[in-house]
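Every chain is numbered from 1, with letters handed out A, B, ... down the list of sequences. Here the structure is a predicted model, which means the values were calculated and not measured.
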Amino acid sequence: MEKKKDFLRMIVQEDLASGKYKEVVTRFPPEPNGFPHIGHAKAITINFGIARDFEGRCHLRMDDTNPVTEEEKYAKAIEDAVHWLGFEWDGPVRHTSDYFQRLYDYAVQLIKMGKAYVDSLSEEEIRAYRGTVTEPGRRSPYAERSVEENLDLFERMRKGEFKDGEHVLRAKIDMSSPNMQLRDPLLYRIRHAHHMRTGDAWCIYPMYDFAHCLSDYIEGITHSFCTLEFENNRAVYDWILDTLHLGPPRPYQYEFARLNMNYTVMSKRKLKELVDSGKVSGWDDPRMPTIAGYRRRGYTPKSIVNFCNSIGISKANSVVDVAQLEHAIRDDLNPKVPRVMCVLDPLKVVIENYEGSEELDASYYPHDVPKEGSRKLPFSKEIYIERDDFSENPPKGYYRLTPDQPVRLRHAYVIRCKEVIKDETGRITEIRAEYYPNSRSGADTSGIKVKSAIQWVDAATGYRAEVRLYDRLFRVENPRGIEDLNPDSLKIVKGAYVERAVIEEKPDERFQFERQGYFYPDPVDSGGEHPVFNRIVSLKDSWAKQSGKGKEALQKVSKAEPKAAKKEKKKEPSGEAGRVAPLDETQRKIFDRYREELGLREEQANPLARDEVLRSLFEAGLEKGAAPVILANLVLNEVARELKTVSSEELRYGPEELAELAKMIEEERISVKIAKQVFEEMVRSGESPGEIVEAKGWEQISDPQKILPIVDEVLTKYPEKVAQYREGNRKLFGFFVGQVLKATGGRANPRIVNELLNRTLK
RNA sequence: UGGGGUAUCGCCAAGUGGUAAGGCAACUGGUUUUGGUCCAGUCAUUCGGGGGUUCGAGUCCCUCUACCCCAUCCA
């Protein structure tokens with residue numbers, strides 16, 4: 001439980017602790033207009049996961065406010081995905097459309113309050129009136145309609161008296177707001193369309209901004225988590241709830257960064273394009289980043305959830321490496337699934353000195369997987385091995401079969417190559433080999449040392465199978481779309497051989513084909529007569545890496561290059577810090593006077609010369625007799641910080657207090673650090689510095705005789721740190737200073753502490 | 001260019017003034033009848049840049065820069 005929490009969980013925890021809510025209620029609110037993808041998995045994991053962690057509830061709500069794009073089949077896919085990932089929503093599946101009547105009533109209320117109006121501008125006019133990002137908009141002439149007229153019009157909109165686009169309902173907020181979302185956002189539009197659930201009951205539909213916050217409120221949601229692009233919409237969310245005087249308790253919106261992955265596209269539009277263009281076989285194509293795709297590929301729900309938990313939650317736009325997902329599935333499958341043998345590219349091996357057949361005992365699990373189970377492995381004179389596992393001219397470091405190097409057949413015997421048979425084109429068609437009868441696995445008395453064991457399949461009893469090898473769908477890290485597809489994302493191997501047990505015994509749903517990867521029978525195309533296996537993910541392969549073959553290696557190279565360049569670049573622009581606008585004439589005069597008469601440094605004089613508010617405070621403080629440099633620092637750091645959130649009229653202290661504080665620093669009655677604490681106290685209570693220091697007992701301790709015992713105490717308390725320090729870990733010095741200061745409540749004079757420590761630690 | 005955000009290792013990501021967590025990737029070495037797993041180890045004198053405050057700054061102040069989002073009757 002004492003795990004580190006992400007910022008969302010932090011918020012929930014605090015809200016629960018403060019009693020703001022007595023239970024957390026979240027929701028996952030997808031729009032049913034496409035298949036859910038791994039990005040949704042992240043949102044699902046967050047919303048359901050937080051509810052679970054804090055023993056709250058999570059609703060599933062279809063955000064079905066746009067009848068023209070939404071379909072029941074998508075809603076179904078979403079429900080399936082949530083269940084498959086292992087989550088259960090609280091109560092029934094909810095729909096924004098369940099609340100259409102209540103939403104309508106809220107809209108009427110807004111109209112009555114004069115906070116919403118029916119606008120009859122055309123779509124283009126509305127756009128034009130809205131202004132741009134840099135210019136304010138103008139309010140529609142229709143905004144002046146009376147409440148009665150608005151009520152009448154809105155009701156007639158509902159009754160279907162108008163065509164699409166004739167009128168809309170808008171909130172009356174602020175057409176000149178720098179936040180575009182606040183420029184009288186649309187609340188309702190007319191759509192004579194058939195809705196997947198409400199049919200033709202409505203012809204006006206609420207917009208996202210209006211429906212979402214109210215649906216959250218209606219459901220008693222406490223924390224409404226959404227992605228970053230809704231940050232600007234939060235103002236509308238709050239406006240609607242506040243204007244209608246809803247709550248507390250009421251929901252608040254918090255945003256997190258959506259998931260991006262390299263070599264992947266995540267937008268619904270691009271995914272749809274892939275499906276529609278036939279570049280993939282459908283939404284559940286195993287190369288698709290959809291939940292359905294991963295599921296068909298063979299990913300486990302647990303691996304997806306683990307992945308989502310492993311990537312963290314933050315507000316930084318980031319791109320997760322697919323390797324992290326691949327790690328999650330390997331990590332889940334490795335300790336679980338049976339190991340079996342499959343040969344993808346068969347090369348026949350005839351063992352000349354072997355006659356008859358036998359069945360070898362072979363465990364399904366390697367020594368490091370604590371599971372029981374084995375099968376009988378048929379063995380006979382003719383077997384298949386992987387073409388890659390033989391080499392006539394082996395590269396350096398090759399561990400497998402060569403004319404001079406024997407190899408072990410996994411779970412069976414050691415063999416040696418006697419002869420290589422080729423066809424007229426020079427292609428190897430067969431290996432004639434010899435086995436060592438006394439080398440049987442588990443009963444090896446031959447004493448032969450081999451470098452590796454390879455998989456094989458008995459020719460007589462093995463099954464032909466189709467194997468589909470998937471690679472990343474896109475060939476570049478940040479694909480734009482179809483133009484960046486990886487032409488080799490699917491390799492179909494028709495003539496593979498799998499051992500008997502895989503077909504006849506089926507010890508599990510998923511397998512590791514030894515030395516190759518994890519595989520899963522394709523749920524659509526695999527049948528008894530025609531087994532088809534999807535490669536979920538390959539095994540890590542340090543040999544491929546080392547021998548530098550395959551496109552992986554190529555990608556690594558092309559990847560490494562821009563990075564090197566980037567690093568280079570990073571150092572370069574250290575030349576010129578940005579130029580600040582020059583001082584005008586009066587500012588210049590002030591600046592010069594501060595520099596010459598008061599002895600301020602440039603960094604102090606400059607901002608004071610520019611900022612009138614700070615300057616007047618500073619000047620007034622000077623008159624009270626404060627030391628210029630100290631006062632300048634106080635004003636420039638502490639006051640400036642407070643002025644970021646509070647206006648100058650609201651300050652609870654004046655020049656006298658600042659001057660007094662400055663004087664106390666000057667006289668070394670308190671340290672500068674303590675002065676900051678005093679300052680905070682002034683902000684909080686409005687008391688004078690003298691009173692605060694008095695009351696808190698914050699006077700500085702500068703007497704070495706008083707500090708020394710504390711130094712000793714600290715040093716005896718952390719003997720191992722002292723040792724580390726003496727061994728050269730100089731960074732620890734700060735730690736010791738910190739401890740001593742902490743022990744004195746920050747009152748010890750840091751200069752003295754430093755001296756003392758320096759002497760004792762020698 | 002107005003507003004809202006974000007910048008910590010190749011990729012995620014902790015960090016709330018006192019020794020820069022962790023995971024992925026990568027790289028050593030060991031175990032291994034999977035070139036897998038596992039185990040041990042290496043991998044940020046530095047937090048987008050520059051200044052300032054402080055005994056001490058990734059954390060506070062000033063400033064600059066880069067990137068993302070907002071001008072759908074989409075969500």
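Counting non-hydrogen atoms of other residues, nucleotides and ligands closer than 6.0 Å to NZ of A/Lys315 gives a total above 12. Enclosure of atom CZ in A/Arg440 is not indicated, since only 12 or fewer non-hydrogen atoms of other residues, nucleotides or ligands lie within 6.0 angstrom. Around the CG atom of A/Asn758, the shell of radius 6.0 Å holds more than 12 heavy atoms that belong to other residues, nucleotides or ligands.
Distance from the side chain of A/Ala453 is smallest to B/U33 among B/U33, B/C12, B/G15. Of the candidates B/A21, B/G4, B/A25, B/A21 carries the atom nearest the A/Lys4 side chain, counting heavy atoms from C-beta on. Counting only heavy atoms from C-beta on, A/Tyr398 has its side chain closest to B/G35 among B/C12, B/G35, B/G36. The nucleotide whose nearest atom lies closest to any side-chain atom of A/Lys731 is, among B/G5, B/U46, B/C12, B/U46. Ranking B/G36, B/U54, B/U1 by closeness to the A/Asn633 side chain, first place goes to B/U54.
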For every nucleotide of nucleotides 67-75 of chain B, 5' to 3': is a protein heavy atom under 4.0 Å from its base (B), only from its sugar-phosphate (S), or from neither (-)? -SBBBSBSB
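Distances shorter than 4.0 Å separate none of the side-chain N or O atoms of A/Lys676 from OP1 or OP2 on B/G17. A close approach under 4.0 Å does not occur between any side-chain nitrogen or oxygen of A/Arg400 and OP1 or OP2 of B/G35. Applying the 4.0 Å criterion to OP1 and OP2 of B/C24, one finds that A/His327 has a side-chain N or O inside that range. Under 4.0 angstrom from either OP1 or OP2 of B/U6 there lies no side-chain N or O belonging to A/Ser318. At B/U53, one or more side-chain N or O atoms of A/Arg601 fall inside 4.0 Å of OP1 or OP2 (strictly under the cut-off). Between A/Ser314 and B/A13, a side-chain N or O to OP1/OP2 separation shorter than 4.0 Å is present. Applying the 4.0 Å criterion to OP1 and OP2 of B/C61, one finds that A/Lys644 has a side-chain N or O inside that range. At the phosphate of B/G17, neither OP1 nor OP2 sits under 4.0 Å from any side-chain N or O atom of A/Lys742.
Nearer to the 5' terminus of RNA chain B, by closest-nucleotide assignment, is the contact made by A/Ala316 (compared with the other of A/Val369 and A/Ala316). Along RNA chain B, the nucleotide nearest to A/Leu732 and the one nearest to A/Lys315 differ in position, and the one closer to the 5' end is contacted by A/Lys315.
When the P atom of B/G3 is taken as reference, atom CE of A/Met175 falls 18 Å away, rounded to whole Å. Per the geometry, CD1 belonging to A/Ile630 stands 13 Å off C1' belonging to B/U53, to the nearest Å. In this structure, the CG atom of A/Leu600 is 21 Å from the P atom of B/C61, given to the nearest Å. Following rounding to the nearest Å, A/His367 (NE2) and B/G36 (P) show an atom-to-atom distance of 11 Å. Between the CZ atom of A/Phe307 and the P atom of B/G22 there is a distance of 21 Å, rounded to whole Å.
For the P atoms, the distance linking B/G52 with B/G2 amounts to 28 Å, nearest Å. Using P as the reference atom, B/C11 and B/A26 are 15 Å apart when rounded to the nearest Å. Across B/A57 and B/G18, the matching P atoms stand 12 Å from one another, rounded to whole Å.
Atom NZ of A/Lys676 and atom CD1 of A/Ile665 lie 9.5 Å apart (nearest 0.5 Å). Rounding to the nearest 0.5 Å places OG of A/Ser267 at 8.5 Å from CZ of A/Arg258.
By the rule that a glycosidic angle within 90° of 0 means syn, B/U65 does not qualify and counts as anti.
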Can you give me the N/O atom pairs linking the protein to nucleotides 38-41 of chain B at distances under 3.5 Å, or say none if there are none?
none

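Below 30°, between 30° and 60°, or above 60°: for A/Tyr718 and A/Phe735 the angle between ring planes is above 60°, a perpendicular geometry.
Partners of A/Arg535 by salt bridge (Lys or Arg N to Asp or Glu O under 4.0 Å), not counting sequence neighbours: none found.
By the criterion of a centre-to-centre distance under 5.5 Å and near-parallel planes under 30°, the ring of A/Phe735 forms no stack with the base of B/G18.
On a pure distance criterion of 3.5 Å, a polar donor-acceptor pair joins the side chain of A/Asn637 and the base of B/G52. Between the side chain of A/Gln604 and the base of B/G52, no donor-acceptor pair under 3.5 Å is found. Side-chain atoms of A/Gln512 come within donor-acceptor range of the base of B/U34, with a qualifying N/O pair under 3.5 Å.
In this entry B/A26 has B/U42 as its Watson-Crick or G-U wobble partner, both defining distances falling under 3.5 Å.
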